[in-house]
Amino acid sequence: MSHSPFPDPEGARRLLADLRPSPHVEAELRVGFRGYHRLRRLRTWITSASLAAATCVIVLLMRPAAPPEALAAEFYPLPGVTITPAMLASSQIVRVELNGTTLAQLGLAAQAGPVEAELVLTQDGLPRAIRLLP
Amino acid sequence: MDGAEEERELLARTAKGDEQAFTTLFRRHSQSVYRFAYLMTGASGAADDVTQEVFIVLMREAHRVDPDRGTLIAFLQGVARNYVLRYLRQNQRCTALEQVAVMSDLDRHLDSLRVRRAVLALPARYREAVILCDFEGFKQEEAARVLGIPPGTVASRLHRAHGLLSRKFTP
């Protein structure tokens with residue numbers, strides 16, 4: 001191990017003890033620290049707010065269907081279909097315009113003009129139930 | 001709470017934006033960082049700039065500093081070294097050693113100046129080893145981590161540096 005060549009190593013250390021940064025360095029860093037964290041907090045807030053807004057939009061767009069029991073009560077099963085709660089649990093509702101011929105094919109009383117209706121589509125994409133809208 | 005634990009807590013608080021914690025870390029380590037930068041560059045303005053840059057890095061990266069992988073001061077000196085080397089590359093030659101404006105004692109002033117001049121006259125690779133090990137009290141293994149070289153190389157650089165210095169300090 002090499003020994004320090006300074007006549008008095010401790011003394012040399014003490015001689016250099018007065019070396020310190022100018023006071024303005026600390027002052028500027030503290031101002032910088034405040035600014036940096038203010039900006040960071042703002043950025044975090046904006047990100048959180050954007051995420052919350054995006055979540056709200058997604059929730060609204062992907063609003064879950066009404067509970068199966070409610071659906072079953074409001075919709076009429078199409079001919080040959082037995083509606084089960086499991087079938088409705090992952091269903092989607094689409095609004096369509098049906099003409100008289102189609103209504104007749106579905107076993108509903110034919111009307112002269114088109115009728116607005118909502119169809120319950122199950123996961124396989126097939127219509128299972130219908131509700132005529134006023 | 002021991003020193004390492006306290007430092008870990010100060011780092012965590014700094015990362016969360018606690019100015020008091022950051023100031024405590026600055027006051028604890030800035031002198032050592034400044035001394036290293038000053039003795040490497042010989043210019044107080046450059047040493048101030050390096051110190052500022054080092055603590056800006058700490059301000060932004062406090063959450064990434066892992067005290068388990070080495071002491072905070074070793075991390076700070078490592079960052080300081082990068083800035084010092086950049087400064088030395090840009091300025092090629094070291095600036096003349098500045099006079100310290102306020103010194104209470106003329107002898108002390110002259111001795112201090114002599115030490116600084118001797119250190120500054122060393123080649124940079126020897127100088128950084130001397131500053132870290134002789135003045136900042138780093139163990140050779142710790143200095144090796146800061147400098148990114150094997151401990152054996154630190155030892156040999158120190159040995160050569162001491163050889164050069166002893167010629168200046170031998171009456």
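Keep in mind the model is a prediction, meaning the values are calculated, not measured. Chain naming here is simple, since letters A, B, ... match the order of the sequence lines and numbering starts at 1 in each.
With a threshold of 4.5 angstrom between heavy atoms, B/Ala62 does not approach chain A through any atom at all. The part of B/Phe26 that comes within reach of chain A is its side chain, from C-beta onward, which places non-hydrogen atoms under 4.5 angstrom from that chain. For B/Ser156, no part lies under 4.5 angstrom from a heavy atom of chain A.
By the 4.5 Å heavy-atom criterion applied to side chains, B/Leu158 and B/Val130 are counted as neighbours. Side-chain contact between B/Pro123 and B/Leu164 is present, with heavy atoms from C-beta onward closer than 4.5 Å.
Pairing each heavy atom of B/Cys133 with each of B/Ala143, the nearest pair is SG-CB, 3.7 Å.
Follow the hydrophobic side-chain contacts under 4.5 Å out from A/Val31 and you never reach A/Val25; the two are in separate clusters.
Annotation: residues 35-45 of chain A contacts chain B through A/Tyr36, A/His37, A/Arg40 [non-hydrogen atoms, separation under 4.5 Å].
Ion pairing between B/Arg86 and B/Glu53 fails under the 4.0 Å rule for side-chain N and carboxylate O. Under 4.0 Å is where a charged nitrogen must lie from a carboxylate oxygen, and between B/Glu142 and B/Lys139 no such pair does. Looking at B/Glu141 and B/Arg145, no side-chain N of the basic residue comes within less than 4.0 Å of a carboxylate O on the acidic one, giving no salt bridge.
When B/Arg27, B/Glu19, B/Arg60 are compared by the number of non-hydrogen pairs under 4.5 Å with chain A, B/Glu19 comes out ahead. Options B/Ile56, B/Thr23, B/Asp49, B/Thr51 differ in how many heavy-atom pairs under 4.5 Å they form with chain A, and the most are formed by B/Thr23.
Classification of the A/Phe33-B/Phe22 ring pair by plane angle, with boundaries at 30° and 60°, yields parallel.
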